[in-house]
Visitor: 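What follows is a structure written as structure tokens; I'll ask about it next.
Proteins come first, then strands; the chains are lettered A, B, ... in the order of their sequence lines, and each starts at number 1.
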Number of protein chains: 2
Amino acid sequence: MQALTSGEGPWDADSDAPALVGRATIDDVAREAGVSTATVSRALRQHPYVAESTRQRVMTAVERLKYVANSNAARLASGQSRTVGFIAPMLTSWYTSELMVGVEEVLTHERFDLLIGTANSASRERIFRGDARFQQHIDGVILVDVFCGDDGARRLAALDTPIVVLGEQLQRITSVSVDNERGARLAAKHLIQLGHKRIALVGGHNDLDVAKNVPTERAKGFRDTLQAAGLRLPAAYVQDGDFTIPGGHRAMRALLGLPKPPSAVFFMSDEMAFGALEAVRDAGLRVGHDVSIVGFDDHPVAGPIGLTTVRQPVREMGRLGARLMLDTLDGFGTVRHHPMELTLVERISSGRPA
Amino acid sequence: MQALTSGEGPWDADSDAPALVGRATIDDVAREAGVSTATVSRALRQHPYVAESTRQRVMTAVERLKYVANSNAARLASGQSRTVGFIAPMLTSWYTSELMVGVEEVLTHERFDLLIGTANSASRERIFRGDARFQQHIDGVILVDVFCGDDGARRLAALDTPIVVLGEQLQRITSVSVDNERGARLAAKHLIQLGHKRIALVGGHNDLDVAKNVPTERAKGFRDTLQAAGLRLPAAYVQDGDFTIPGGHRAMRALLGLPKPPSAVFFMSDEMAFGALEAVRDAGLRVGHDVSIVGFDDHPVAGPIGLTTVRQPVREMGRLGARLMLDTLDGFGTVRHHPMELTLVERISSGRPA
DNA sequence: TCGCCCGATGTAAGCGCTTGCATCCCTGTG
DNA sequence: CACAGGGATGCAAGCGCTTACATCGGGCGA
């Protein structure tokens, strides 16, 4: 270690600053504290049968030696990986990463690790087979938007790995999700109340032969509401936006190219709605005047650009999911579904029809 | 394991589908292949002194037993964690998460793990001291926006842990960054060429006593360019936007509240520019007409809403950083700086002054 | 006073890998 | 044809923890 000139602030040279990699082992601590390694291990892990005075001595030794346990050794010995898998399609969507941040927040706090994985429709089945990363020693898996239907749910429940599902409700599996039908109804009702008659829908492709999934549920709520109001939803008014920004752009362009374009559009995600903005602009129209737009999520950018949307507490869903996973791993927590609230946030992207 | 009704598609019941947690050990494989565990280990890790025929037999056994190595045991035994730390301020900004995705992409591909950590100004010094997560057994650290100055750089270089810095250039440390001064010059020049005379700057607070960091560099490029064009930059035209959406909103409101508001504003991040949008709207003004706005990053939403911005290849920077880290760990790769290209993307948020 | 019970601690056997060193055997060479 | 050289493999000692089981020492009821 070369000599360092001292400086100001938190970057001062500090002659005995520990290097990044801790070197002391549990045996060093035991020696320092004058106890056995077993006692150190127990003291560190809040085992009840450790005298307070002993615990103190151990802690002091830990401090002095700047001891940090080697998690690999701990995991090997205990057989517990303290790692939770997180599998989702489209890791880059705002929804997914927000979920992930929520999950990460509580796992990190509990000193658990997070293993990230993607599962597109093609590889989704590997969850149950040989995906090496997840066949590895993880304690549980958090699944996002599996869309596996009841058969899949039964298979999931039969695995001997704790599972929490985010984004949909499945039988016999702990889950956190919103009432997607209701969310779509909220959006449709809002548009109808504003006086719109020609309302279009942009969702995502349902690539699985499964009846119940997010796009399907939202579509149902939307359709039902329109129908109840005596409104039609022509086939041309239903577009696939792929849940991406470019997808939303394409869908909007298609809608605006129609002989009778809609006066309002409900997008199943804010990101698709963002993509639509450009298409509207290119057509020389104004959002909220010539065409109303409603999204879904309440993405951080939705506020600034004034997008009306159905807000779902995504980060909170991630946090709750992680907490449920930890409860399951602790042996607490029963299998149940946890619904989260959805609220319509009215902004300027939706208004009365021109 | 309960009986499963069979179904269609990838969710078919499969009587001998392996559970998520692999059970076979390296000894099982050795027995199955008729070799020693050492040979299995070598075969699996591409050791040169393993006969091709032996490797084949081992692989067959691995397949048959669906063996997956226990990474904890491997790490304990080898002393290599195959884990890289990633420390950044503000994990939730688009810039950071994009960087992270890039890093994650290549690390995952090389079967490395990523350990995430935050380092705000208060805790930043812990990198060098006792942050438990990082004192643990990681092979290297990728640091984002450390802003530690040359003294800090010298300390970093002196640590015995491989380090790659993202977002700034430091002496004796491998880094990936853009020419921030040039980026700001690009933005300023653009605005000046459009004919703007009253141009404001929204950056982030420099909370460290360090001369060189991103906000400072961008401010310098911006100031220099204005000066060279004979333009003034009054103190009131320099606002702190905290690099967040609400921060950008506040800054823009402050600017518009000025007796002589600017006709153009350069934001040091797109997210701050997004926040500004709302303030402009609330003031009854139109972006690109009454007030021009230029951002920095090229956030995915910048395109859809037509934000002129200075694009930096963020994800690519993350990928490169990770690759450099792996090279360093392999003993290849020398300490050097890797510059990335910056380009101005002109959109409709900037136009001639009204 | 004598056990008994139980809280507190120590002993030591792994956990499933990696790897230095020993061993074996097959070539090529003198 | 003996032997050196080196490729291929096996042996076994850990890596740094956790934890079942053994041990120890008081306090307490009989």
Side-chain angles (χ1 to χ4, degrees), chain A residues 21-59 61-62 65-83 111-113 132 135-139 329, chain B residues 21-59 61-62 65-83 111-113 132 135-139 329:
Chain A
V21 177
R23 278 278 151 263
T25 71
I26 198 172
D27 292 300
D28 298 329
V29 176
R31 209 171 304 119
E32 177 86 13
V35 296
S36 70
T37 64
T39 299
V40 174
S41 176
R42 293 194 190 99
L44 256 29
R45 285 144 16 68
Q46 319 299 335
H47 185 106
Y49 289 173
V50 176
E52 188 50 37
S53 59
T54 308
R55 193 190 308 280
Q56 289 300 341
R57 249 183 317 140
V58 169
M59 289 314 184
V62 164
L65 299 178
K66 304 222 178 293
Y67 168 74
V68 178
N70 179 328
S71 58
N72 293 128
R75 288 168 180 184
L76 175 58
S78 69
Q80 303 224 286
S81 60
R82 286 194 90 74
T83 298
R111 327 215 99 231
F112 266 72
D113 275 357
Q135 209 177 43
Q136 247 176 119
H137 310 72
I138 56 177
D139 294 333
L329 295 180
Chain B
V21 177
R23 278 279 152 261
T25 71
I26 197 173
D27 292 301
D28 298 331
V29 177
R31 208 171 306 121
E32 177 86 12
V35 297
S36 71
T37 64
T39 300
V40 174
S41 175
R42 293 194 189 100
L44 256 28
R45 287 148 7 73
Q46 319 299 335
H47 185 105
Y49 287 175
V50 176
E52 187 50 36
S53 59
T54 308
R55 193 190 307 281
Q56 290 299 342
R57 250 184 315 142
V58 170
M59 289 316 185
V62 165
L65 300 178
K66 304 219 179 296
Y67 168 73
V68 178
N70 178 330
S71 58
N72 294 129
R75 288 168 181 184
L76 175 59
S78 69
Q80 304 224 285
S81 61
R82 285 194 91 74
T83 298
R111 327 216 97 230
F112 266 72
D113 275 356
Q135 209 178 42
Q136 248 176 117
H137 311 73
I138 55 177
D139 294 334
L329 296 180

Visitor: What is the distance, rounded to the nearest whole Å, between atom CZ of R82(A) and atom P of dT18(D)?
Guide: 10 Å
Visitor: Between R75(A) and D139(A), is there a salt bridge with N-O shorter than 4.0 Å?
Guide: no
Visitor: Could you give the CG-to-C1' distance, from D27(B) to dC17(C), as a whole number of Å?
Guide: 9 Å
Visitor: Counting distance alone, no hydrogens or angles: does the base of dG16(C) have a donor or acceptor under 3.5 Å from a partner atom on the side chain of R75(B)?
Guide: no
Visitor: Send over the distance from E52(A) CD to dG7(C) C1', rounded to a whole Å.
Guide: 15 Å
Visitor: Quick check on dT19(D): is either OP1 or OP2 less than 4.0 Å from any side-chain nitrogen or oxygen of R45(A)?
Guide: yes
Visitor: Measure the distance from CZ on R55(A) to P on dG7(C) and round it to the nearest whole Å.
Guide: 15 Å
Visitor: Do R55(B) and Q46(B) have side chains that approach each other closer than 4.5 Å (heavy atoms only, starting at C-beta)?
Guide: yes
Visitor: Which one, dT18(C), dG10(D), dA8(C), comes nearest to the side chain of A74(B)?
Guide: dT18(C)
Visitor: Rounded to whole Å, please give me the gap between CG in L44(B) and P in dT19(C).
Guide: 13 Å
Visitor: Between dC17(D), dG7(D), dC17(C), spot the one nearest the side chain of Y49(B), thanks.
Guide: dG7(D)
Visitor: By nearest atom, which of the nucleotides dT19(D), dT9(D), dG10(D) is closest to the T54(B) side chain?
Guide: dT9(D)
Visitor: dT9(C), dC15(D), dC17(D): which one has an atom nearest the side-chain heavy atoms of N70(A)?
Guide: dC17(D)
Visitor: So, for Y67(B) and T25(B), which heavy atoms are closest and what is the spacing to 0.1 Å?
Guide: CE1-C, 3.5 Å
Visitor: Please report the distance, rounded to the nearest Å, between CG in L76(A) and P in dG16(D).
Guide: 12 Å
Visitor: Give the rounded distance in Å between these two atoms: NE2 of H47(A) and C1' of dC17(D).
Guide: 16 Å
Visitor: Is any N or O donor-acceptor pair between the side chain of R42(A) and the base of dG7(C) shorter than 3.5 Å?
Guide: no
Visitor: Which nucleotide, dC17(C), dC17(D), dG10(C), lies nearest any side-chain atom of I26(A)?
Guide: dC17(D)
Visitor: Nearest heavy atom decides the nucleotide; on that basis, is V40(B) or A73(B) closer to the 5' end of DNA chain D?
Guide: V40(B)
Visitor: Where the side chain of S53(A) meets the backbone of A51(A), is there a donor-acceptor pair that is under 3.5 Å apart?
Guide: no
Visitor: For a quick test of reading the model: is some side-chain N or O of S36(B) closer than 4.0 Å to OP1 or OP2 of dC11(D)?
Guide: no
Visitor: From dT9(C), dT18(C), dG10(C), pick the nucleotide closest to the side chain of V35(A)?
Guide: dG10(C)
Visitor: Between C1' on dG16(C) and CG on N72(B), what's the gap in Å once rounded to a whole number?
Guide: 10 Å
Visitor: With a 4.0 Å cutoff (strictly under), does any side-chain N or O of T39(B) reach OP1 or OP2 of dG10(D)?
Guide: yes
Visitor: Just one of T37(B), V40(B), V35(B) clears the side-chain contact (heavy atoms from CB on, under 4.5 Å) bar with V29(B), so which one?
Guide: V40(B)
Visitor: Could you work out which one of dG10(D), dC17(C), dT11(C) sits closest to the side chain of A38(A)?
Guide: dT11(C)
Visitor: Of all the heavy-atom pairs spanning A61(B) and E32(B), show the shortest one and how long it is.
Guide: CB-CG, 3.4 Å
Visitor: Side-chain N or O of S41(A) versus OP1/OP2 of dT18(D): is the shortest distance under 4.0 Å?
Guide: yes
